[in-house]
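Residue indices begin at 1 and follow the sequence shown. Predicted model, so just to flag it, every value in this text is computed and none were measured.
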Amino acid sequence: QVQLVESGGGLVQAGASLRLSCAASGRTFSTYARGWFRQAPGKEREFVAAINGNSGSTAYADSVKGRFTISRDNAKNTVYLQMNSLKSEDTAVYYCAVGWAATIQALKSLGAYDYWGQGTQVTVSS
């Protein structure tokens with residue numbers, strides 16, 4: 001049974017940093033793409049970042065580019081999201097996902113992902 005478990009969320013002040021982790025179990029995903037999405041109250045789930053399985057190519061939402069970094073450790077079946085210079089508008093539940101797509105741009109779509117975690121809350125106070 002595939003399971004994705006996020007951790008690392010919390011309450012921080014604006015300007016601080018957090019690192020989210022997403023550990024996968026039940027299957028090895030070293031060749032699959034890994035993504036991070038977020039959902040704020042009253043809003044739709046939106047793309048944050050993705051990393052391809054084979055090439056390691058990455059993609060970011062414009063709102064986080066230059067502040068967030070996605071990385072992966074295939075030996076640990078884990079993906080990370082380093083979040084720096086956090087802003088109040090980054091407040092959301094963050095979800096990790098596993099999927100596949102032909103292009104890195106296609107990984108910005110919810111439909112590219114087959115497995116999802118339960119989410120971890122990130123709250124940034126201004």
Exercise. Would you sort out whether Arg72 and Asn74 count as a side-chain contact (heavy atoms from CB on, under 4.5 Å), showing the intermediate values?
Key: CA-CA 6 Å; Arg72 64 192 297 162; Asn74 286 336; 2.9 Å; yes
Quiz item: Any salt bridge (Lys or Arg N to Asp or Glu O under 4.0 Å) pairs touching residues 16-36, not counting sequence neighbours?
Solution: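 Not a single pair qualifies under salt bridge (Lys or Arg N to Asp or Glu O under 4.0 Å).
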For [Y], is there any backbone N or O sitting under 3.5 Å from a side-chain donor or acceptor partner on [X]?
{"X": "Ser109", "Y": "Gly111", "value": "yes"}
{"X": "Gln39", "Y": "Val93", "value": "no"}
{"X": "Tyr113", "Y": "Cys96", "value": "no"}

Which atom names give the shortest non-hydrogen contact between [X] and [Y], and what distance separates them?
{"X": "Ala106", "Y": "Ala101", "result": "CB-CB, 3.5 Å"}
{"X": "Ala59", "Y": "Lys108", "result": "CB-CE, 4.0 Å"}
{"X": "Gly117", "Y": "Tyr95", "result": "O-CD2, 3.5 Å"}

Quiz item: How long is the span from the CD atom in Glu6 to the SG atom in Cys22, to the nearest 0.5 Å?
Solution: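 Rounded to the nearest 0.5 Å, the CD-SG separation comes to 5.0 Å.
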Quiz prompt | Value rounded to 0.5 Å, distance of CD1 in Ile104 from OG1 in Thr58 | solution =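 It comes to 6.5 Å.
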Exercise. Report the C-alpha distance between Val2 and Phe29 in whole Å, list the side-chain angles of each, state the deciding distance to 0.1 Å, and finish with yes or no for side-chain contact (heavy atoms from CB on, under 4.5 Å).
Key: CA-CA 10 Å; Val2 173; Phe29 292 113; 3.7 Å; yes
Exercise. Verify the neighbour count for atom CD of Gln121: are there more than 12 heavy atoms of other residues, nucleotides or ligands below 6.0 Å?
Key: yes
Quiz item: Considering residues, nucleotides and ligands other than Lys65, do more than 12 of their heavy atoms fall under 6.0 Å from its NZ?
Solution: yes
Quiz prompt | Any pair counted as side-chain hydrogen bond (donor to acceptor under 3.5 Å, both in side chains), so long as it reaches residues 84-93, sequence neighbours left out | solution = Ser17-Asn84, Arg38-Asp90, Arg67-Asp90, Gln82-Asn84
Quiz prompt | For Leu86, the rest of its hydrophobic cluster, which grows through side-chain links under 4.5 angstrom | solution = Val12, Leu18, Leu20, Trp36, Val48, Ile51, Tyr60, Val64, Phe68, Ile70, Val79, Leu81, Met83, Tyr94, Val122, Val124
Quiz item: Hey, quick one: are Tyr115 and Leu110 part of the same hydrophobic cluster, counting side-chain heavy atoms closer than 4.5 Å, chains of contacts allowed?
Solution: no
Exercise. Kindly work out whether a path of hydrophobic side-chain contacts (I/L/V/M/F/W/Y, heavy atoms less than 4.5 Å apart) joins Phe37 to Val98.
Key: no
